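Let me begin by presenting the structure, written as structure tokens, before commenting on it.
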Number of protein chains: 2
Amino acid sequence: MAEVSSPPPGFELPLLLFAGFRSLIDELHAELAERGHPDVRPVHGFALQAIGPYGTSASEIGRRLGVSKQAAGKTVDRLAGLGYVERADDPADARRKLIRLTPRGIDVLTQSAEIFDHLRARWVATLGAERVAEVESSLRTVVPETAFPVDVPGWFG
Amino acid sequence: MAEVSSPPPGFELPLLLFAGFRSLIDELHAELAERGHPDVRPVHGFALQAIGPYGTSASEIGRRLGVSKQAAGKTVDRLAGLGYVERADDPADARRKLIRLTPRGIDVLTQSAEIFDHLRARWVATLGAERVAEVESSLRTVVPETAFPVDVPGWFG
DNA sequence: ACGGTTCCGACAACCACGTTGACGAGTTTA
DNA sequence: TAAACTCGTCAACGTGGTTGTCGGAACCGT
């Protein structure tokens, strides 16, 4: 019944989770900057993921990200300005503009995957494969399916 | 030498960490809303924490949060508008305005601590005390001291 | 085949949150 | 005392959201 030693206060858990997330993202972007992608921001990664290898419409990106089509359109504008995506007319539907990843956009995604693997390997080197796997499996257990971070942008404010 | 089963791709780790963080914060704010604090946003919590029980100046809040004093001033404006903080003249220094938590501000902090404890207890009920403690200790090990999320606001964009 | 509904992308106005730069007023320091 | 610094505020701006509106294109039911 009695706790042997008092558990840590509950507010540490979210702080630790965020710190872990943040350190990974910070290192990712530091590394991306060194590899020729200094201008891509954390939010952009989610948008690029939402586009996918075959391209989609801006409205669809908005739906996947959980934001309005207007917001998605603005994000596409900026990504286009940075050279990560391009707009093309959709031959099948004159209303739509197909948003596609440029080679540069594909590159940043490829490199990101590589860097994330590298960062996870660093955690394994520090904690051991088992403990990393257990963190992952614990989180998978406790995180509701719905909470998966599709709709990240603007969630904070 | 060979991996018995291939490890999960590295990009899952940050996603899981963020999903865990986010689910906790979402539940916190859902609960806070029910307890009479529907307008407080995730970012505000960090600012209220930065103020502390005795109050400080806006510039100091900015320093603690890693943002400009102007940005801190705006945040204080909003928190004051919501009734969580108040400005008072500092008798010792006519330049400074002392930002202090109102009773309502103290209440939201007290309730947050309580809710976080409750949420952690739910994780314990699902995963067991040991696994939760191990997640915490693993993260403490792997997170650099410097990455502790003091300077959260605006970090994303 | 045509007319209503729905969807697309764009424009405008607005809000939240961050940034720099400048400034007057007050405090500290040399 | 004069110079240097700090505080808070104002202004302008950038970015990432929101809602509302709108014309044009596609779909669907009669």
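When reading the values below, keep in mind they use all heavy atoms of this one structure, side chains included, and skip hydrogens, waters and symmetry mates. Every chain is numbered from 1, with letters handed out A, B, ... down the list of sequences. Here the structure is a predicted model, which is why all the values come from computation and not from measurement.
Comparing B:Lys97 and A:Ala72 against DNA chain D, the residue whose closest nucleotide sits nearer the 5' end is B:Lys97.
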Enumerate donor-acceptor pairs with a distance under 3.5 Å from any side-chain N or O in residues 76-86 of chain A to protein atoms, sequence neighbours excluded.
| unit_1 | atom_1 | unit_2 | atom_2 | d |
| --- | --- | --- | --- | --- |
| A:Asp77 | OD1 | A:Arg87 | NH2 | 2.1 |
| A:Tyr84 | OH | A:His37 | ND1 | 2.9 |
| A:Tyr84 | OH | A:Arg104 | NH2 | 3.2 |

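When the C1' atom of D:dG16 is taken as reference, atom CZ of B:Arg41 falls 14 Å away, rounded to whole Å. Rounded to a whole Å, the CG atom of A:Asp90 is 9 Å from the P atom of C:dG9. What separates CZ of B:Phe46 from P of C:dG18 is a distance of 12 Å, to the nearest Å. Atom P of nucleotide C:dG18 and atom CG of B:Leu65 are separated by 8 Å, given to the nearest angstrom. Separating the CG atom of B:Asp77 from the P atom of C:dC15 is a distance of 15 Å, rounded to the nearest angstrom. Spacing between atom NZ of A:Lys74 and atom P of D:dT18 amounts to 10 Å, rounded to whole angstrom units. Rounded to a whole Å, the CD1 atom of B:Ile61 is 16 Å from the C1' atom of D:dT6.
Applying a 4.0 Å cut-off to non-hydrogen atoms, the residues of residues 78-87 of chain A that approach DNA chain D are A:Arg78, listed by residue number. Sorted by residue number, the members of residues 49-60 of chain B with any non-hydrogen atom under 4.0 Å from DNA chain D read B:Ser57, B:Ala58, B:Ser59.
A sub-4.0 Å separation between OP1 or OP2 of D:dG16 and a side-chain N or O of A:His44 is present. Taking side-chain N and O atoms only, B:Arg63 has no distance below 4.0 Å to OP1 or OP2 of D:dT6.
With sequence neighbours left out, A:Thr141 forms a side-chain contact (heavy atoms from CB on, under 4.5 Å) with B:Thr126, B:Leu127. Partners of B:Ser138 according to the side-chain hydrogen bond (donor to acceptor under 3.5 Å, both in side chains) rule, which considers only residues two or more places apart in sequence or in another chain, are A:Arg131. In this structure B:Ser68 satisfies the side-chain contact (heavy atoms from CB on, under 4.5 Å) test together with B:Gln70, B:Ala71, sequence neighbours excluded. Applying the side-chain contact (heavy atoms from CB on, under 4.5 Å) test to B:Phe11 and every residue at least two apart in sequence or in another chain returns A:Phe116, B:Pro9, B:Leu15. For the side-chain contact (heavy atoms from CB on, under 4.5 Å) test, residues two or more places apart in sequence or in another chain that qualify with A:Thr56 are A:Ile51, A:Glu60, A:Ile61, A:Arg64.
The shortest distance between side-chain heavy atoms of A:Val142 and B:Val132 does not fall below 4.5 Å.
Among residue pairs with one or both ends in residues 107-126 of chain A, those qualifying as salt bridge (charged side-chain N to carboxylate O under 4.0 Å, His left out) are A:Glu27-A:Arg122, A:Arg35-A:Glu114, A:Arg120-A:Glu136; sequence neighbours excluded. Identified under the salt bridge (charged side-chain N to carboxylate O under 4.0 Å, His left out) test for residues 46-58 of chain A, with sequence neighbours left out: none. A salt bridge (charged side-chain N to carboxylate O under 4.0 Å, His left out) check over residues 5-18 of chain B, counting only residues at least two apart or in different chains, returns the pairs A:Arg140-B:Glu12.
Between atom OG1 of residue B:Thr102 and atom CG of residue B:Leu48 there is a gap of 8.5 Å, rounded to the nearest 0.5 Å.
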Distances under 3.5 Å only, N/O to N/O: pair up the protein atoms with those of nucleotides 20-28 of chain C.
| unit_1 | atom_1 | unit_2 | atom_2 | d |
| --- | --- | --- | --- | --- |
| C:dG21 | O6 | B:Gln70 | NE2 | 2.6 |
| C:dG26 | N2 | B:Arg95 | NH1 | 2.9 |
| C:dT27 | OP1 | B:Ala94 | N | 3.1 |

